[in-house]
**Q** 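Sharing a structure below in structure tokens format, with a few things to ask.
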Protein chains: 2
Amino acid sequence: MNNNLLLEKQLCFRLYSLNKLMCRLYVPVLKELALTYPQYLVMMVLWQYKAGISVKDLGAQLDLDSGTLSPLLKRMEKQMLIKRERDSTDERVVLIKLTQKGVELQKSAEHIPAKMFVVTGLSPDKLQELNLTLDQLIDNLGD
Amino acid sequence: MNNNLLLEKQLCFRLYSLNKLMCRLYVPVLKELALTYPQYLVMMVLWQYKAGISVKDLGAQLDLDSGTLSPLLKRMEKQMLIKRERDSTDERVVLIKLTQKGVELQKSAEHIPAKMFVVTGLSPDKLQELNLTLDQLIDNLGD
DNA sequence: TATAATTACATTGCACACAATTAAATTGTG
DNA sequence: CACAATTTAATTGTGTGCAATGTAATTATA
């Protein structure tokens, strides 16, 4: 009887469970900003690229393709968080830019990282170590 | 300028990315078994509960609700991997049991954990340590 | 410079996740 | 026993992920 196929033994199941748990913990926090979890990730990129970023580059940062991003960005545009405009120098490119509302939302988000850190219950050292291990793993699994 | 909202600093983004990377690595492996990733997780539980398990208990193991499991299990039933039958002692309960095909699929899956371990590129010790840290985190975030 | 190949994005279809609601069966209580 | 509360699944609707395909714009090549 092979017992390697037990759920509890799988790293993949831990990552799957943790990702879901993490998302759920963000839900009430992000509800105040009227953002979903993936939308929050998009906003973090946009707050970093205030001049605007192409859908392609945004997808590279988040590791998402246009099949995911196109409808997601449309919903965010409907919420007036972003604008979408064609790059005049290359009409294939769609540039994503924050609206004033999108820029201002950053202020309401600045407390989130510290808040979520507390929830993890990890010491700063332990978190740092975990982040390094996960980065190594991401690199190993990397595309 | 607050830089805590950088994607690279977020534990949540690492978990989000790793979960996706992991799923993608399983796809070609699971394709041979004609299983999706969540279906594989369900199968692991069922290979452990050969006598059958209720949808509720299955959901408790996987941390999934009936909104996810009901359609997923129907698809697995259509593939003849499982049977679904009402518990005669409590008609509210639906018992999930493997078909012969479902039982036999385990043989084709037994090579997967070792195969995926190699892909992680982690030493056994490092994997063990990571698993412990993740378990602690799951516990801290836990329901 | 035609046209073939590539690039960037959108669209379609399928499979999760999950909140909210519904429906049926069972249990608890007066 | 009657009836309210609880339990278990199924259903509905929304929002991702992602493969596959379509389309328009740009670039490369004969």
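Because the structure is predicted, anything quoted here is derived from the model rather than measured. A, B, ... follow the sequence lines: proteins, then strands. Residue 1 opens every chain.
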**Q** Answer yes or no: does a side-chain N or O of A:T36 lie under 4.0 Å from OP1 or OP2 of D:dT14?
**A**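 A:T36 to D:dT14 OP1/OP2: no side-chain N or O under 4.0 Å.
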
**Q** From C-beta outward on B:S66, which listed nucleotide comes closest to its side chain: D:dG17, D:dA10, C:dC16?
**A**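 For the B:S66 side chain, the nearest candidate turns out to be D:dA10.
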
**Q** Looking at B:K97 and B:E85, is any side-chain nitrogen of the basic one under 4.0 Å from a carboxylate oxygen of the acidic one?
**A**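 Yes.
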
**Q** Return yes if the base of D:dA9 and the side-chain atoms of B:S70 contain a donor-acceptor N/O pair under 3.5 Å, otherwise no.
**A**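 No, the side chain and the base share no sub-3.5 Å donor-acceptor pair.
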
**Q** Would one find a side-chain N or O of B:K74 under 4.0 angstrom from OP1 or OP2 of D:dT11?
**A**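 Yes, because at least one side-chain N or O of B:K74 sits under 4.0 Å from OP1 or OP2 of D:dT11.
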
**Q** Over all strands shown, is B:D65 touching base, sugar-phosphate only, or nothing at heavy-atom distances under 4.0 angstrom?
**A**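 Base: the residue B:D65, judged by heavy atoms under 4.0 Å, touches a nucleobase.
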
**Q** Has A:R84 got a side-chain N or O lying under 4.0 Å from the OP1 or OP2 atom of C:dA10?
**A**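 Answer is yes, contact under 4.0 Å.
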
**Q** OP1, OP2 of C:dC16 versus side-chain N and O of B:R75: anything below 4.0 Å?
**A**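 Yes, within the criterion.
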
**Q** Using a 4.0 Å heavy-atom cut-off across all strands, classify B:K31 as base, sugar-phosphate, or nothing.
**A**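 B:K31: no heavy atom of the nucleic acid under 4.0 Å.
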
**Q** Check the orientation of A:Y16 and B:Y37. Use parallel for under 30°, tilted for 30 to 60°, and perpendicular for over 60°.
**A**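 Aromatic pair A:Y16/B:Y37 classed perpendicular.
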
**Q** Knowing that exactly one of A:D135, A:D63, A:D139 qualifies, which makes a salt bridge (Lys or Arg N to Asp or Glu O under 4.0 Å) with B:R14?
**A**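 Between B:R14 and the candidates, salt bridge (Lys or Arg N to Asp or Glu O under 4.0 Å) is satisfied uniquely by A:D135.
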
**Q** Under 3.5 Å for both donor-acceptor distances, Watson-Crick or wobble: does D:dA25 have a partner, and if so which one?
**A**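 By the stated definition (distances under 3.5 Å), C:dT6 pairs with D:dA25.
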
**Q** Using heavy atoms to find the nearest nucleotide of DNA chain C for A:L73 and A:V27 separately, return the residue whose nucleotide is more 5′.
**A**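 That would be A:L73.
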
**Q** Locate the shortest heavy-atom distance separating A:L33 from A:A109; write the atom from each residue and the value.
**A**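 Nearest pair, atom of A:L33 first, then A:A109: CD1-CB, 3.8 Å.
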
